[in-house]
Visitor: 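Sharing a structure, written as structure tokens. Questions coming.
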Amino acid sequence: MRVFLAVASKGGGSAEPLLDSVIRQAEDLIEQAFPVPADTVTSARHRFPGAVLLGWGNEGDSRTRPELVTATRDAAIGVTGRLLDWDDVGRLLGPSSSGLSMGEIALGTRGCFSAIRIEPGGLTAVTDMTRACGIFYAQTPELHIVGNRALLVHLVARGGGPVAWDVRALQSMVRQGYFLSDETPFEGVAALPPSSTLEVRDGTGHERIRRITTVPLPTAGPVPTSSRGRRAAIEGLAEALVETVRPLTDQVNLALTGGRDSRLMAALLHAAGVPFRATTNGLDDHPDVVIARRIAAKLGVEHNVIAPKRTERRDAVLVEHPLRRTHEVLRTCEGMTSAYESIVEYLPYSSKLTMSGQSGEILRGGFLYSQGNPAPAAMRRRVDAFFLKDEAFFTDDANAHARELATPWRERAETDPAGALDHIYVTYRVGRWHAAARAGSLRRGDAVQPFLDNRVVGAALALDPLWRRSEEVVHELIGIFAPRLRGIPLEGAEWRFRAERTPSRWESLLARRRSSTPKKPAAPKPKGGGSSWNWRTSPGERLTAVLRDGVLGNGVLWDLVRKDAVEEMFAAPVVKQPALAWNLYTVGAMLSGAYPGDAPGDLDPIEVLIPSTS
């Protein structure tokens with residue numbers, strides 16, 4: 001993982017002493033902002049008159065990546081994430097012989113990355129199409145501050161601290177568990193949008209000014225009318241995917257489930273001839289484990305299963321105490337992901353390659369993948385629901401702010417509801433939730449993420465979102481890469497294009513004939529409730545009690561949510577909205593001072609009973 005901070009003065013004679021002070025502050029603060037052990041961190045810096053770039057990393061001696069900070073006589077750059085071709089660092093460093101700006105070069109660069117470059121007296125920062133590697137910015141009367149860790153940007157802007165929370169912005173964290181905006185938990189700090197360039201340059205007066213330019217996400221075309229046209233469009237996306245893994249020669253560890261997206265990754269690696277092994281988390285009879293085992297066997301690859309910890313009686317799972325879990329999530333994700341989510345725990349950095357199917361919904365229409373009713377009115381209601389979810393729980397001010405954030409998306413949904421749901425997914429679910437959560441994996445290794453590659457995202461978004469929602473595109477990609485996987489069932493629902501297809505006359509007749517045939521008695525369900533049970537969605541009484549005490553005993557939340565509504569939610573022995581409960585617990589812990597700071601002391605794990613179906 002690489003952390004960067006760039007600071008440029010706004011002009012004036014006191015710039016250099018001020019930058020000296022900023023460097024000292026940042027070096028003192030990095031331990032709070034970089035969620036790895038301090039003794040694993042190396043650093044680098046480069047300085048020009050009026051600007052400085054600081055970098056920190058925990059990757060050790062990496063032979064496959066450029067130096068932490070790459071510099072020439074005229075510029076210095078830091079790149080975080082992954083480039084398909086690391087020689088592109090030189091192109092981003094400039095100057096470009098073609099006359100392209102850094103932002104224009106970034107748009108055509110393959111990979112999932114962001115970059116910050118400084119020059120004498122100025123700086124430039126860029127994000128890719130997903131901003132899955134986030135960039136954050138702030139300013140003071142004397143300085144422009146840009147970095148890829150929001151807490152560090154905030155603390156430097158405040159002269160070392162303390163933290164000032166943007167409480168109003170946190171309504172989205174309570175509602176969804178991540179930000180549906182460019183806001184952050186930190187007052188005065190914002191996230192750079194996707195496909196954006198931030199530049200600090202000399203203005204018309206004596207002060208250097210900040211300018212942000214954003215390129216809109218690609219506009220989708222219509223569904224090809226011929227089977228040949230559809231095949232060509234899918235093959236173009238297939239080639240873009242293959243290019244993302246073609247350079248890989250070392251073995252990859254793939255997190256494999258029974259769903260669609262990690263299956264596509266397995267098929268992709270198989271087609272490209274990349275050696276890999278598969279790992280699945282879960283109880284032995286969980287559908288993910290059962291189906292992943294079949295996929296691995298069909299492709300002839302090693303499959304490992306990691307089971308959750310259970311009590312000696314094996315009638316419960318042991319869950320880390322919510323306060324310890326929440327502190328680690330806050331520390332890693334900087335208050336931009338709820339502790340309801342399971343982030344990757346820290347391990348020493350490893351150069352071994354990892355992959356998963358995370359964010360594969362980009363190829364399935366973004367938020368359309370979970371849109372049951374594709375009627376325009378239903379899609380418009382879904383857009384509203386994202387921003388105004390659980391409206392009755394929130395204060396009038398919190399709901400007013402949510403409506404303000406929803407306005408541009410609601411306006412777009414009036415004419416293009418499918419496109420709105422598609423782009424909300426990339427802009428916020430990937431660009432905010434995934435960008436925050438992936439810090440957990442980046443700090444421990446080199447994640448390969450084909451779904452987030454610039455060209456793959458562009459090729460996917462250019463395809464009609466409702467066509468991608470049908471899942472025909474992903475199904476055909478799997479067929480191209482690994483035809484032998486076609487017959488293996490999915491965990492959960494059938495392929496959508498099959499489930500929603502209008503049956504032929506013959507199929508209708510056959511279905512009626514089958515319905516008139518006496519059915520065999522259903523097979524008994526296995527005892528133990530382990531097949532599809534999940535402690536996060538079924539927290540039980542003990543975990544509910546801990547969450548209840550943490551939320552109701554914390555008065556810092558009542559500027560965002562109505563106390564009476566929250567008390568009613570927790571009235572039952574088992575909370576019926578566990579995600580909302582965790583979101584409340586996370587934001588409450590943040591606002592009450594649990595983060596930033598030291599981890600809480602020893603707290604016993606919580607037993608969550610596995611329900612029995614006997």
Visitor: Is E328 salt-bridged to R443, cutoff N-O under 4.0 Å?
Guide: yes

Visitor: Apply ring-ring contact (aromatic ring centres under 6.0 Å, His included) to F186 and list each qualifying residue two or more places apart in sequence or on a separate chain.
Guide: H154, W165

Visitor: Between D422 and R468 (salt bridge meaning N to carboxylate O under 4.0 Å), is one present in this structure?
Guide: yes

Visitor: Can you see whether R438 engages Q358 through a side-chain donor-acceptor pair at a distance of less than 3.5 angstrom?
Guide: no

Visitor: Measure the CD-CG distance between E183 and L405 for me, rounded to the nearest 0.5 Å.
Guide: 5.0 Å

Visitor: Verify whether one side chain among N253 and T279 offers a donor that lies under 3.5 Å from an acceptor in the other.
Guide: yes

Visitor: Is the shortest heavy-atom distance from the side chain of R380 to the side chain of P376 under 4.5 Å?
Guide: yes

Visitor: With no hydrogens and no angle check, do the side chains of R210 and H144 hold a donor and an acceptor under 3.5 Å apart?
Guide: no

Visitor: Can you find a side-chain donor-acceptor pair between S470 and R364 that sits under 3.5 Å?
Guide: no

Visitor: Less than 4.5 Å apart, side chain to side chain, heavy atoms only: is that true for D128 and R110?
Guide: no

Visitor: Could you walk me through whether S342 and R325 pass the side chain to side chain donor-acceptor pair (under 3.5 Å) test, one step at a time?
Guide: CA-CA 9 Å; S342 295; R325 176 185 176 94; 3.0 Å; yes

Visitor: On the 0 to 90° scale, with breaks at 30° and 60°, tag the F387-Y428 ring pair as parallel, tilted or perpendicular.
Guide: perpendicular

Visitor: Answer yes or no: is there a side-chain heavy-atom contact under 4.5 Å between Y595 and L151?
Guide: yes

Visitor: Answer whether the closest heavy-atom distance between the side chains of I145 and Y137 falls below 4.5 Å.
Guide: no

Visitor: Is the Lys NZ or Arg CZ of R175 less than 6.0 Å from the centre of F394's six-membered ring, within 45° of the axis?
Guide: yes

Visitor: In terms of side-chain heavy atoms, does W433 have a donor or acceptor partner in Y425 at a distance below 3.5 Å?
Guide: no

Visitor: Quick one: pull up CG in L170 and CE in M336 and give me the separation to the nearest 0.5 Å.
Guide: 10.5 Å

Visitor: Would E341 and R536 pass as an ion pair if we require N to O under 4.0 Å?
Guide: yes

Visitor: Does the ring center of H475 lie less than 6.0 Å from the ring center of F497?
Guide: yes

Visitor: If I take atom CG from residue L560 and atom CG from residue N583, how far apart are they, to the nearest 0.5 angstrom?
Guide: 12.0 Å

Visitor: Ignoring hydrogens and angles, state whether a donor on the side chain of S114 or T80 is under 3.5 Å from an acceptor on the partner side chain.
Guide: no

Visitor: Take a 6.0 Å sphere around CG of D396 and say whether it holds more than 12 heavy atoms from other residues, nucleotides or ligands.
Guide: no

Visitor: Please determine whether the number of non-hydrogen atoms from other residues, nucleotides or ligands lying under 6.0 Å from atom CZ of R211 exceeds 12.
Guide: no

Visitor: Report the C-alpha distance between Y585 and Y340 in whole Å, list the side-chain angles of each, state the deciding distance to 0.1 Å, and finish with yes or no for ring-ring contact (aromatic ring centres under 6.0 Å, His included).
Guide: CA-CA 9 Å; Y585 190 93; Y340 176 75; over 10 Å; no

Visitor: Just jot down the salt bridge (charged side-chain N to carboxylate O under 4.0 Å, His left out) partners of R429, sequence neighbours excluded, or say none.
Guide: none

